[in-house]
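Some notes on the structure that comes next.
One-based numbering, in listed order, for ligands and for the atoms of each. In this text, all values refer to a predicted model and were calculated from it rather than measured experimentally.
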Amino acid sequence: MEPFDIFLVCAPGLEAPLADEARALGLAPGLGVGGVTVTGGWPDVWRCNLHLRCAARVLVRIGSFRVMHIAQLDKRARKFPFSDILRKDLPVRVEASCQKSRIYHDKAAKQRVEGALVAQGFTLAEDAPVTLKTRIEDDLCTFSLDTTGEPLHKRGHKLQVGKAPLRENLAAAFLRQCGFDGSEALVDPMCGSGTFVIEAAEIAAGLAPGRDRAFAFENLGSFDPAQWAALKSGKTEQPTLRFFGSDRDDGAIRSATANAERAGVSGFTRFTRAAISDLMPPDTPPGLVMVNPPYGARIGQRKLLFALYGSLGKVLVDRFKGWRVGIVTSDAGLAKATGLRFRPPLPPVQNGGLRIALYRTDPLR
Ligand SMILES: C[S@@+](CC[C@H](N)C(=O)[O-])C[C@H]1O[C@@H](n2cnc3c(N)ncnc32)[C@H](O)[C@@H]1O
């Protein structure tokens, strides 16, 4: 069946940094909404899952056909060569969604596809290791396989999180949008569970984000364990100590330290308990300050947040000459309260229930 279409899913707004990453893997991405399409074979699917930091999951398009009514879906799905890809000894889970189509009932569509799979000798389970996604749009039914399983932001290292952790794939995309490539120092003065610092350190060390986790594609007939092991044995480096996190909360520092340990980057990251008012630049050439201050608080607390953003901006201007700054927040008014001069805005991105955006400066003067 190779080559085939591979859809790299990301949070809407992050298509451009994801496309850059795909290009760096030697693929030719086409921008979509909420993702990027590339063409490739199974080794490309494994590489994308292993290396892409900005993606949420990797889907393989396995076929499509037109459907005007539910009986037709039933008939065509029964004829679909699922056994070319799925293994009969493992159960499968079906998801279905319908949009702008004569078939409009998600549940009915799901049942028909499940019936077709059972008729072909497959078993079903809601906790199956492999998910078949059925999307009916404009009367076109497309089957895709989710090759990822647990979403890609779950790298398997950040087991301890605080109240409002940033998803790793968003953090990676924001670092990329600030021009971070691993060769400079990074400071996060409100580091929480350490997401920015750990992502930055991994990028510098050449550690693949998916190196320590399992993927759904390991349960497909196309999986080749020897090739996969070879892909995972890429070269890594031991950078100098230049990735620093601080937070005023003791628990955050404990979590970040443990997360960095699990990720294998504790040799070149350092986490210290400190409030913004005590922040000093490390003894490195200027690099990037990346920070995700508290936001989304109730009305009464907004005044305090204005003061916090104000002092953050002042500390950075006074002490971090030559450093670039990236601030991630849901509130444009709070970003403005830093008094920093930002470059033109980027599209906002959904993180949990909130729309957040990255505000970037040039090197501070
Ligand atoms: C939104 S969270 C950061 C989450 C982090 N990006 C992560 O992925 O886990 C904001 C953090 O700012 C810290 N914080 C709030 N006020 C602070 C201050 N004045 N000085 C230092 N840290 C502060 C909080 O303790 C919290 O961990």
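In the displayed structure, Asp283 atom CG is contacted under 6.0 Å by at most 12 heavy atoms of other residues, nucleotides or ligands.
Taking Gln177 as the reference, nothing meets the side-chain hydrogen bond (donor to acceptor under 3.5 Å, both in side chains) condition, with sequence neighbours excluded. With sequence neighbours excluded, the residues satisfying side-chain contact (heavy atoms from CB on, under 4.5 Å) with Phe306 are Arg302, Leu334, Ala337. Residues satisfying the side-chain hydrogen bond (donor to acceptor under 3.5 Å, both in side chains) criterion with Arg360, sequence neighbours excluded, are absent altogether.
Between the side chain of Asp146 and the backbone N or O of Thr131, no donor-acceptor pair lies under 3.5 Å.
Annotation: cation-pi geometry satisfied between Arg213 and Phe215 (NZ/CZ under 6.0 angstrom from ring centroid, within 45° of ring axis).
Sorted by chain then number, the residues whose non-hydrogen atoms approach ligand 1 to under 4.0 Å are Ala164, Pro165, Leu166, Pro189, Met190, Cys191, Gly192, Ser193, Thr195, Asp247, Arg248, Asp249, Ala274, Ala275, Ile276, Asn292, Pro293, Pro294, Leu308.
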